[in-house]
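Accompanying notes for the structure given below.
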2 protein chains.
Amino acid sequence: MIRDNDVSRSLHEQLSLLIAETESGEQLLSEPKLAINLGVSRASLREAMRTFETRGLLQRKQGVGTFVIHPTGVFDTSLENLNSLETIADQLGLEVSMGDLQVAHRIVDLEMSEILELPENEEILHVSRVILAENRPVAYLEDNLPIDIISEDEVRKDFTGSVLDMLIRRDDIPLASSKCEISAIGATHDIAIALEIQRHDPLLVFSSLLFSTRGRIIDSSFSYFLPGYFHFHIVRRVGDQITPMQIGGK
Amino acid sequence: MIRDNDVSRSLHEQLSLLIAETESGEQLLSEPKLAINLGVSRASLREAMRTFETRGLLQRKQGVGTFVIHPTGVFDTSLENLNSLETIADQLGLEVSMGDLQVAHRIVDLEMSEILELPENEEILHVSRVILAENRPVAYLEDNLPIDIISEDEVRKDFTGSVLDMLIRRDDIPLASSKCEISAIGATHDIAIALEIQRHDPLLVFSSLLFSTRGRIIDSSFSYFLPGYFHFHIVRRVGDQITPMQIGGK
DNA sequence: CCCCTGTCAATTGTCAGACAAGTTATCTGG
DNA sequence: CCAGATAACTTGTCTGACAATTGACAGGGG
């Protein structure tokens with residue numbers, strides 16, 4: 001795991017905790033007092049607060065104060081952070097397990113070669129498996145990785161259900177972020193069998209690309225979820241426009 | 001619209017522009033130089049940069065520099081910001097229109113009264129409509145609002161397709177954020193007819209609650225999207241844990 | 001020639017203190 | 001009782017400084 005600077009990291013955790021245990025709508029201590037309380041400078045505190053403000057969990061009003069906003073009383077699975085299903089299940093106290101793991105080499109087709117930014121006819125590692133919650137299939141996950149990232153043996157030996165967790169464990173490649181596209185689809189024949197549902201039953205789909213800090217694509221994954229078992233949500237802020245970039249050719 | 005302080009607002013815009021026109025992986029100027037360039041202090045610049053870092057668009061490395069990351073070359077519709085479909089379509093240069101608007105008073109049922117935090121048997125305003133892109137139905141939107149927020153006449157007179165845009169136009173209520181839960185569902189009978197599709201065809205569903213800055217729930221909406229027409233995505237950061245709050249009773 | 005090491009410049013991370021700007025409650029004079 | 005001034009408190013911004021980390025480069029030893 002990439003360890004940030006101690007101050008920044010522990011400050012983030014402390015603030016997170018403080019916000020979590022403060023009721024929605026309540027006011028925080030003033031910045032100078034809070035900074036002293038937490039043992040950091042006001043500048044550092046403000047930067048950390050900005051993080052939570054960006055996420056919509058804090059509201060600052062000049063001349064008045066800073067207020068906590070819990071967009072809902074209960075937090076299920078926030079999409080802003082990238083975590084494996086296993087980690088999420090851990091936090092929620094759910095029992096999940098892995099069934100039917102398949103690892104294989106594949107030659108990339110045209111579409112996947114463009115997605116992974118690889119030359120055609122390159123070999124990749126394809127990992128697929130079913131996730132069970134209380135012995136009921138609830139998700140079907142597929143990962144595609146360049147072979148130089150990780151070897152087949154390594155997966156077979158070290159795999160606990162999550163490619164992400166495995167990459168994090170190997171401090172090897174510094175991971176930055178994941179771009180996730182959200183859609184819905186009717187179950188295909190194969191997936192319907194794997195999840196023990198009917199063909200064309202609706203599924204929630206996440207198509208994700210995992211980026212290293214150097215901008216390289218490490219993993220292309222497709223996650224198919226049975227609706228109702230996981231509650232994915234996101235906090236969207238009003239009027240905080242980011243300039244859209246439609247740079248066609250790079 | 002709530003106008004932030006000038007410095008903060010214009011700095012945010014300038015940075016957004018700068019990032020948009022910088023290629024992925026490239027390095028920004030150093031903080032001191034950039035601060036001078038933009039005419040602000042380094043502290044303010046750092047706070048603004050933190051916003052974009054939180055969104056996964058910037059990567060800062062101590063001793064090295066700050067780098068731009070575009071998780072993908074093309075930006076479609078980022079879910080981090082809450083915008084109406086009309087606004088999104090505008091930005092993308094799409095032609096969308098509204099068909100079949102229905103406005104009606106309703107008595108809340110038990111479920112909705114809990115969602116909106118209203119007493120039972122209270123009246124609410126229910127607004128539903130179909131969104132067309134190039135004359136093809138692509139989305140079905142439902143909104144439920146407390147009647148003291150907005151009147152039926154106002155909707156009929158001023159409505160352009162978006163409840164959100166209408167609330168923004170009336171400077172009346174300061175909006176903060178929206179909590180959006182994402183799922184998939186098979187089309188019901190009514191929605192299938194409205195969208196001109198078959199029953200049980202898969203749909204992407206957003207169930208959203210809109211919060212005012214005072215924490216009041218302003219709007220409960222359900223948005224049903226035909227897959228493939230809109231590309232919703234989100235940037236997820238690795239290892240940036242927010243303390244989950246599972247505060248059952250409030 | 002290669003490899004190791006110390007030095008040094010550049011960059012981000014953090015800090016302290018100050019003042020500006022906005023909000024709210026209180027006091028004061030009419 | 002009311003209106004306006006005022007004071008206290010908050011967040012927003014600025015300035016300057018130092019610490020921590022990184023990467024490159026020169027120099028020396030093998």
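Order of the sequence lines fixes the chain letters, A, B, ..., with proteins taken first and strands second; residue numbering starts at 1 for each chain. The shown structure was predicted, so the numbers you read here are calculated from the model rather than taken from an experiment.
Looking at every heavy atom in both residues, A:Ser220 comes nearest to A:Leu209 through CB-CD2, 3.7 Å. The two atoms that bring A:Arg50 and B:Ala48 nearest to each other are NH2-N, 4.1 Å, heavy atoms only. Of all heavy-atom pairs between B:Leu175 and B:Leu210, the closest is CD2-CD2, 4.1 Å. Considering every non-hydrogen atom in both B:Pro119 and B:Ser113, the closest pair reads O-CB, 4.3 Å. Residues A:Thr22 and A:Leu18 approach most closely at OG1-O, 2.6 Å, considering heavy atoms.
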Practice task
Evaluate salt bridge (Lys or Arg N to Asp or Glu O under 4.0 Å) for B:Glu47 paired with A:Arg60, printing each intermediate quantity in order.
Solution key: CA-CA 14 Å; B:Glu47 276 197 43; A:Arg60 301 199 270 190; 3.5 Å; yes
Exercise for the section: Evaluate the criterion side chain to side chain contact (heavy atoms under 4.5 Å, CB included) for residue pair A:Ile115 and A:Asn144; output intermediate values, then yes/no. Expected result: CA-CA 10 Å; A:Ile115 292 177; A:Asn144 299 286; over 6 Å; no
Practice task
Go through the steps for B:Glu31 and B:Arg46 under the test salt bridge (Lys or Arg N to Asp or Glu O under 4.0 Å), then give the verdict.
Solution key: CA-CA 8 Å; B:Glu31 290 177 359; B:Arg46 278 183 64 83; 2.9 Å; yes
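Where A:Arg50 and A:Gly63 each meet DNA chain D at their nearest nucleotide, the meeting point lying more 5' is that of A:Gly63. Nearer to the 5' terminus of DNA chain C, by closest-nucleotide assignment, is the contact made by A:Glu47 (compared with the other of A:Val64 and A:Glu47).
Computed from coordinates, the B:Met49 CE to C:dT12 P distance equals 7 Å when rounded to whole Å. As rounded to whole Å, 14 Å separates atom P of D:dT10 from atom CG of A:Leu45. If you take CD of B:Gln59 and P of D:dT22, they are 13 Å apart, rounded to a whole angstrom. Protein atom CZ of A:Arg9 is 13 Å distant from nucleotide atom P of C:dT14, rounded to whole Å. When rounded to the nearest whole Å, the span between CD of A:Gln27 and P of C:dT24 equals 11 Å. Separating the CZ atom of A:Phe67 from the C1' atom of D:dT11 is a distance of 11 Å, rounded to the nearest angstrom. Distance, A:Arg46 CZ to C:dA16 C1': 15 Å, rounded to whole Å. The CG atom of B:Leu11 sits 13 Å away from the P atom of D:dG12 (whole-angstrom rounding).
In this structure, A:Lys179 is not positioned above the aromatic face of A:Phe211 in the sense of NZ or CZ being under 6.0 Å from the six-membered ring centre and within 45° of the axis.
Over its full length, the helix from C:dC1-D:dG30 to C:dG30-D:dC1 turns its helical axis through 10°, comparing axes from the five pairs at each end and rounding to 10°.
With B:Leu141 as reference, B:Ser223 is the one residue of B:Ser162, B:Ser221, B:Ser223, B:Ser84 to meet the side chain to side chain contact (heavy atoms under 4.5 Å, CB included) rule. The side chain to side chain contact (heavy atoms under 4.5 Å, CB included) test with A:Thr66 is passed by exactly one of A:Met49, A:Gln59, A:Glu53: A:Met49.
Using a 3.5 Å distance cut-off with no hydrogens or angles, the side chains of A:Thr54 and A:Thr51 do not pair a donor with an acceptor.
Taking only side-chain atoms of B:Glu31, from C-beta outward, the nucleotide of C:dT14, C:dT24, C:dT12 with the closest atom is C:dT12.
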Between N or O atoms, less than 3.5 Å apart, protein on one side and nucleotides 18-20 of chain C on the other: list the pairs.
{"unit_1": "C:dA18", "atom_1": "N6", "unit_2": "A:Arg42", "atom_2": "NH1", "d": "3.3"}

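Using a 4.0 Å cut-off, no side-chain N or O of B:Thr66 falls inside it from OP1 or OP2 of C:dT11.
Of the residues in residues 32-41 of chain B, those lying under 4.0 Å from DNA chain D by heavy-atom distance are B:Val40, B:Ser41.
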